[in-house]
Amino acid sequence: MGEERSLNFIEEIVEEDLASGKHGGRILTRFPPEPNGYLHIGHAKSICLNFGLALKYGGKTNLRFDDTNPSKEETEYVDSIKADVSWLGFEWANELYASDYFEQLYNFAVELIKKGLAYVDDSTAEEIATQKGTPTEPGKANIYRSRSIDENLKLFAEMKEGKYQDGEKVLRAKVDLAAPNMHLRDPLMYRIKHTHHHRTGDKWCIYPMYDFAHGQSDAIEKITHSICTLEFIPHRDLYNWFIEQLDIFPSKQYEFARLNLNYTVMSKRKLLQLVEEKHVEDWDDPRMPTISGLRRRGYTPVAIRDFCDRIGVAKRENMIDVSLLEFCIREDLNKTAWRRMAVLDPIKMVITNYPKNQTENLFSENNPEAEGGDGGRELPFSNQLWIEREDFMEEPPKKFFRLGVGLMVRLKSAYIVKCDSFTKDSAGNIVEIQCSYIPESKSGSDTSGINVKGTIHWVSVAHAQTAEVRLYDRLFKVEDPSNEEGDFKDYLNPDSLHILPKVYTEPDLANAITGKGYQFIRKGYFTIDKHSTADNVIFNRTVTLKDGWVKK
RNA sequence: UGCCUGAUAGUAUAAUGGUAGUACGACGGUUUUUGGUACCGUUUGUCUAGGUUCGAAUCCUGGUCGGGCAACCA
């Protein structure tokens with residue numbers, strides 16, 4: 001052991017703080033989602049970072065819902081977020097809400113008004129925007145900026161009491177209208193919204209803006225390291241300004257680059273659109289990059305955490321290749337998934353020299369990667385089998401290790417067979433292939449001395465179960481749909497879902513356990529879908545197996 | 001043309017003035033009752049121009065390119 005992994009830049013900061021005795025060696029992070037959508041794989045990166053840091057350095061992590069905008073937030077999202085964080089395997093120290101601090105935030109605002117550092121502005125949104133100037137021109141003060149403290153106090157109280165309509169007034173911080181950083185040009189602290197809040201109900205009609213809520217919430221909780229994504233860098237000056245003016249706990253903000261994955265989108269706004277416009281079934285559609293979608297697809301917490309570990313944490317913009325995510329899930333499932341046989345695109349094989357009404361039960365281990373095979377199950381074998389259509393070729397090329405007239409393969413866990421002939425229907429489709437088996441080649445007691453290059457999977461016709469199988473492909477046709485001309489939805493992959501209504505599976509798959517990953521030998525990893533029933537068993541393909549076979 | 005950021009193989013990520021390494025991908029091979037797994041090997045990189053230094057991916061200066069910032073969103 002003891003193989004030192006190099007630290008990412010945030011771990012370096014934490015270790016420096018620990019070494020210098022900052023905060024008495026205490027580490028407290030927070031994961032602060034807004035409950036306005038489902039968590040996605042990008043959030044998983046943040047979750048793994050925040051919780052992982054605390055775990056590594058003996059600290060704790062709060063789960064804090066940043067619920068300061070009631071018009072977008074719902075309890076459904078709160079519940080899904082909690083479920084997803086738990087499922088990933090993390091435990092938060094406290095479940096908190098920015099809305100828990102509304103009273104205190106209000107008092108902070110009053111304090112700033114009293115210090116002459118905040119004022120009530122009657123301007124419209126448009127007026128405020130133009131008065132702010134542009135990045136190259138300073139903003140201009142309006143008449144409201146010089147209101148007296150007493151008037152501001154009175155007006156702000158009236159805002160709270162509901163005396164004004166939405167948009168009629170706002171509370172602004174008095175910072176610097178000429179600041180090169182636009183966020184410092186007298187940012188809004190409070191706006192009026194006569195909207196029902198998912199937790200505070202109708203108690204409030206004024207709600208704090210992100211900038212006046214996040215840093216103060218961090219300070220209230222005494223968060224030591226407040227980690228967010230790059231786009232908040234310009235907010236940091238304001239974050240610090242409020243903390244300094246209010247003289248509260250000096251939480252510090254650090255920024256890292258968010259995760260981007262190719263062939264998908266990673267914004268709650270866009271994902272919500274896909275859901276609302278029915279381009280996908282729901283937030284947990286297996287094609288979605290959401291945690292719930294990945295879970296339904298068959299991804300495991302282990303694989304997702306491993307992925308987050310491997311992608312690293314840095315400050316440069318990045319675009320991770322989905323192949324890394326796929327590698328991680330294969331890596332995990334290879335070790336844990338039970339092997340089963342299923343024929344997705346069937347063609348019938350008749351074994352002409354095997355007794356017609358005979359059935360024998362053959363044994364096959366659950367997982368060759370596990371010691372002892374992790375147990376096993378019985379496979380009924382008979383003279384009529386389903387095999388994969390692509391495992392037979394009328395005119396096989398040289399290195400085709402499967403079936404063609406005169407070629408031999410092993411039937412996995414069963415016998416070696418030799419292809420003698422095949423039958424076509426009137427339309428020229430191959431409908432059946434005829435083989436003879438080698439009785440001495442039985443798996444486990446093979447005395448035939450024959451060596452074959454290929455092994456194929458099969459299911460006994462008489463014993464086969466049926467199931468629906470859903471094959472998924474990338475949701476978008478292009479690597480970065482958000483960066484293309486026009487609407488990102490123009491680049492949706494029309495073939496991202498392919499349903500096979502009736503595939504044949506070995507009998508044991510009738511007992512498939514929900515939530516467990518199965519490897520359909522040579523076909524990929526699959527898991528039971530949430531809509532699966534006893535009458536209509538549905539499997540989702542999590543990921544294909546890596547395919548080293550390139551034709552020709 | 002203001003401010004803030006960043007730039008190392010195809011994609012990520014290390015090297016913190018001293019041999020540019022690792023992972024994924026790709027390619028090739030060995031093993032294999034999954035064309036899977038495992039194992040072995042190959043391939044490709046410091047944005048650019050100067051400067052400091054015995055020595056620069058690292059420090060300095062100029063340039064180039066990318067991302068962000070002017071929501072009563074977070």
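Owing to the predicted nature of the structure, the values given are computational and were not obtained by experimental measurement. Residue numbers start from 1 in every chain, and the chains themselves are labelled A, B, ... in the order their sequence lines are given, proteins ahead of strands.
- Using a 4.0 Å heavy-atom criterion, one finds that A/His457 contacts no nucleic acid atom at all.
- To the nearest whole angstrom, the two P atoms, one in B/G2 and one in B/G51, are 28 Å apart.
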Item to check | Secondary-structure notation, RNA chain B, from Watson-Crick and G-U pairs under 3.5 angstrom (| other strand) | outcome: .((((((..((((....[..)))).(((((.......)))))....(((((..]....))))))))))).....
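- The C1' atoms of B/A70 and B/U61 are separated by 32 Å, rounded to the nearest whole Å.
- For B/C73, neither phosphate oxygen OP1 nor OP2 lies less than 4.0 angstrom from any side-chain nitrogen or oxygen of A/Thr68.
- Using a distance-only test at 3.5 Å, with no hydrogens or angles considered, no donor-acceptor pair links the side chain of A/Thr264 to the main chain of A/Leu261.
- Comparing A/Gly133 and A/Ser71 against RNA chain B, the residue whose closest nucleotide sits nearer the 5' end is A/Gly133.
- Sequence neighbours left out, the pairs with a member in residues 183-196 of chain A that pass salt bridge (charged side-chain N to carboxylate O under 4.0 Å, His left out) are A/Arg145-A/Asp186.
- Spacing between B/A7 and B/A57 at atom P, rounded to whole Å, works out to 15 Å.
- A salt bridge links A/Arg410 and A/Asp446; the closest N-O separation between the charged side-chain nitrogens and carboxylate oxygens is under 4.0 Å.
- Contact annotation for A/Thr130: no contact, since no heavy-atom pair falls under 4.0 Å across all strands.
- By the 6.0 Å contact criterion, NZ on A/Lys453 is open, its count of non-hydrogen atoms from other residues, nucleotides or ligands being 12 or less.
- Considering A/Glu221, A/Arg236, A/Arg30, A/Gln253 as possible partners of A/Ser226, the one that fulfils the side-chain hydrogen bond (donor to acceptor under 3.5 Å, both in side chains) test is A/Arg30.
- Residues A/Arg147 and A/Asp122 are paired through a salt bridge, judged by an N-O separation under 4.0 Å between the basic side chain and the carboxylate.
- Take A/Asp202 and apply the side chain to side chain donor-acceptor pair (under 3.5 Å) test, not counting sequence neighbours, and it matches A/His196.
- Using C1' as the reference atom, B/U48 and B/U11 are 23 Å apart when rounded to the nearest Å.
- Ring planes of A/Tyr106 and A/Phe156: parallel class, angle under 30° (limits at 30 and 60°).
- Under the 3.5 Å distance criterion, the side-chain polar atoms of A/Asp67 are matched with a main-chain donor or acceptor of A/Ala98.
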Checklist entry - In B/S/- notation, 5' to 3', how is nucleotides 30-47 of chain B contacted by protein heavy atoms closer than 4.0 Å? => result ---BBBBB----------
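- At a threshold of 4.0 angstrom between heavy atoms, the contacts of A/Ser364 with the nucleic acid are absent.
- Judged as a side-chain contact (heavy atoms from CB on, under 4.5 Å), and not counting sequence neighbours, A/Pro180 has no contacts.
- Using a 4.0 Å heavy-atom distance criterion, A/Ala125 is classed as a base contact.
- Here A/Phe232 lies in heavy-atom contact (under 4.0 Å) with a base.
- Separating the P atom of B/G36 from that of B/G25 is a span of 13 Å, rounded to the nearest Å.
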Item to check | Letter per nucleotide, 5' to 3', of nucleotides 2-14 of chain B [B base touched, S only sugar-phosphate touched, - untouched; heavy atoms, 4.0 Å] | outcome: BSS-SSB--SSBS
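- Spacing of P atoms, B/C39 relative to B/C65, comes out at 45 Å, to the nearest Å.
- Atom P of B/A12 sits at a distance of 38 Å from the matching atom of B/C54, rounded to the whole Å.
- Remark: the backbone N or O of A/Gly42 is not paired with any side-chain donor or acceptor of A/Ser46 at under 3.5 angstrom.
- Separation of the C1' atoms belonging to B/G6 and B/G55 is 27 Å when rounded to the nearest angstrom.
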